[in-house]
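One structure below.
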Amino acid sequence: MTGPLRLGVNVDHIATLRNARGGVHPDPVRGALIAAEAGADGITAHLREDRRHIRDADIRRLKDEVPLPLNFEMAVTDEMVAIALDVRPHASCLVPENRTEVTTEGGLDVLGVAKLPDAVARLTDAGIRVSLFIDPEPLQVEAALKVRAPVVELHTGSYCDAPAAERDRELARIVDAAKAAAELGIECHAGHGLAFDTVGPVAAIPTIMELNIGHFLVGEAIALGFGGAIKEMRRLMDAARA
Ligand code: PXP
């Protein structure tokens with residue numbers, strides 16, 4: 001399974017910034033529309049149980065107002081399955097969720113989550129493409145096949161966080177898991193922690209079809225866009241005084 005590599009832009013942390021002030025700015029939907037203009041192939045958003053960034057209304061607006069496929073990241077809970085069945089995103093990526101974690105720390109233990117096979121079946125029956133967020137382990141890929149998930153997303157966090165001396169070893173784990181997925185006919189995605197200096201070797205794996213990237217892009221917007229916002233503010237101030 002090879003083909004063009006899609007970019008899913010995760011807008012969670014636009015919402016993190018918005019929520020820091022409790023208002024409506026910056027708007028993750030506006031960010032998603034900018035992502036669409038900039039060449040993203042899809043939008044990803046994670047509605048966490050504690051709603052710490054994306055909120056229910058954001059998910060609905062992302063589905064209704066953005067002309068790109070929505071990948072709804074969700075924990076394997078009855079509440080989230082019900083929301084997905086109501087919103088009908090293009091895709092659902094099932095992730096482990098722990099209230100106290102800062103971000104999704106590891107992949108799913110696919111056979112260890114009792115509700116997972118039923119969730120995969122119900123979402124699939126509704127026409128939603130299901131992916132399972134897993135550590136890059138061939139055993140987890142095989143488990144994904146057992147629960148009939150058509151897609152896995154490999155957690156690239158360990159690779160991205162690894163010291164330079166260990167990065168090749170972590171990359172090899174991703175290569176092996178991607179190979180296992182291809183052999184089993186499972187579509188392979190990857191994401192978490194990817195940045196300009198880490199994306200290349202993952203993007204070069206030919207059977208990986210999609211990368212989901214968020215935190216780095218939102219942070220890097222400061223370098224690539226902060227100056228433009230300041231210039232516009234300066235212009236408005238100067239125009240008001242003219
Ligand atoms: N893929 C999944 C399943 C995730 O949980 C996340 C983080 O929400 C990402 C990709 C994107 O990670 P990052 O924000 O570090 O780019």
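Counting starts at 1 for both ligands and their atoms, following the listed order.
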- Query: In Å and rounded to the nearest 0.5 Å, what is the CD1 to CG distance from I213 to N10?
  - Reply: 10.0 Å

Can we say [X] and [Y] salt-bridge, meaning some charged N sits less than 4.0 Å from an Asp/Glu carboxylate O?
X: K146; Y: E142; answer: no
X: R167; Y: E170; answer: no
X: D86; Y: R60; answer: yes
X: D78; Y: K115; answer: yes

- Query: Is it the case that R51 and N19 place a side-chain donor and acceptor less than 3.5 Å from each other?
  - Reply: no

- Message: Checking side-chain hydrogen bond (donor to acceptor under 3.5 Å, both in side chains) between E153 and each of N71, N212, T44, which is the one that passes?
- Response: N212

- Query: Can you check whether G193 has an N/O within less than 3.5 Å of an N/O in ligand 1?
  - Reply: yes

- Task: Answer yes or no: does an N/O atom from G214 fall short of 3.5 Å to an N/O atom of ligand 1?
- Result: yes

Quick one: look up the protein heavy atom nearest [atom] and list residue, atom name and how far away it is.
atom: atom 11 (C) of ligand 1; value: N212 O, 3.7 Å
atom: atom 2 (C) of ligand 1; value: E73 OE2, 3.0 Å
atom: atom 10 (C) of ligand 1; value: E153 OE2, 3.3 Å

- Query: Nearest heavy atom to atom 7 (C) of ligand 1: which of H13, E210, H192, H215 does it belong to?
  - Reply: H192

Which atoms of ligand 1 have any heavy atom of [X] under 4.0 Å away?
X: F133; answer: 2 (C), 3 (C)
X: I213; answer: 16 (O)
X: V95; answer: 3 (C)

- Item | For ligand 1, the portion of D12 having any non-hydrogen atom under 4.0 Å away | side chain

